[in-house]
Amino acid sequence: MDYVLLIGIAGAFITLVFYALQQTAKLSSESALYDTGNVIGGALLTTYALLIGSVPFAVLNAIWTIFALRDIVCYYQKKNVR
């Protein structure tokens with residue numbers, strides 16, 4: 001197995017684990033941990049997509065990662081206001 005495939009598998013695994021935790025109510029979609037998992041998984045999947053030359057998949061995951069990063073920033077901004 002080459003490193004490119006490992007990056008894709010890791011990204012998909014991380015994204016799926018955090019999605020499953022959220023869907024089974026073990027983790028709130030409003031938590032910073034959930035969004036952190038999405039940032040890591042999305043970044044790995046974006047990297048994978050770029051390495052295999054899949055522009056649509058790269059764009060999708062880059063946007064996914066950006067939204068998750070935005071949520072993390074908002075989470076900590078709200079936390080600091082209180």
Side-chain angles (χ1 to χ4, degrees):
M1 207 177 323
D2 67 346
Y3 79 96
V4 174
L5 186 57
L6 287 175
I7 290 170
I9 290 170
F13 179 78
I14 291 167
T15 302
L16 260 172
V17 165
F18 280 88
Y19 179 72
L21 289 170
Q22 187 271 327
Q23 286 296 302
T24 57
K26 305 241 185 297
L27 194 60
S28 168
S29 62
E30 302 299 317
S31 75
L33 182 59
Y34 175 72
D35 288 315
T36 300
N38 278 306
V39 167
I40 294 167
L44 287 170
L45 287 171
T46 301
T47 301
Y48 173 72
L50 291 170
L51 289 170
I52 66 169
S54 178
V55 174
F57 191 55
V59 170
L60 170 70
N61 283 288
I63 291 170
W64 185 282
T65 303
I66 290 165
F67 274 103
L69 278 170
R70 182 208 59 182
D71 288 348
I72 290 171
V73 169
C74 290
Y75 174 84
Y76 285 108
Q77 284 178 339
K78 287 179 191 173
K79 193 173 181 178
N80 288 333
V81 169
R82 295 180 187 166

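Only heavy atoms go into these numbers, but all of them, side chains included; no hydrogens, no water, no symmetry mates.
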Pairs where residues 26-43 contributes a residue and the test side-chain hydrogen bond (donor to acceptor under 3.5 Å, both in side chains) is met, not counting sequence neighbours: N38-W64

Quick one: pull up [atom1] in [X] and [atom2] in [Y] and give me the separation to the nearest 0.5 Å.
| X | Y | atom1 | atom2 | value |
| --- | --- | --- | --- | --- |
| I14 | I9 | CD1 | CD1 | 12.0 Å |
| F13 | F18 | CZ | CZ | 10.0 Å |
| L44 | T15 | CG | OG1 | 8.0 Å |
| Y75 | L33 | OH | CG | 9.5 Å |

So does A49 get a backbone contact from the side chain of S54, meaning a donor-acceptor N/O pair under 3.5 Å? no

Connected via hydrophobic side-chain network under 4.5 Å: L16 and Y48: no

Heavy-atom closest pair (A58 atom, L50 atom, distance to 0.1 Å) is CB-CD2, 3.7 Å

The remaining residues in the hydrophobic cluster of V55, counting side-chain heavy-atom contacts under 4.5 Å among Ile, Leu, Val, Met, Phe, Trp and Tyr, are V59, I63, F67

Consider side chain to side chain contact (heavy atoms under 4.5 Å, CB included). Of T65, I66, L51, which one does T46 pass it with? T65

Please identify each residue that fulfils side-chain hydrogen bond (donor to acceptor under 3.5 Å, both in side chains) with N61, with sequence neighbours left out. none

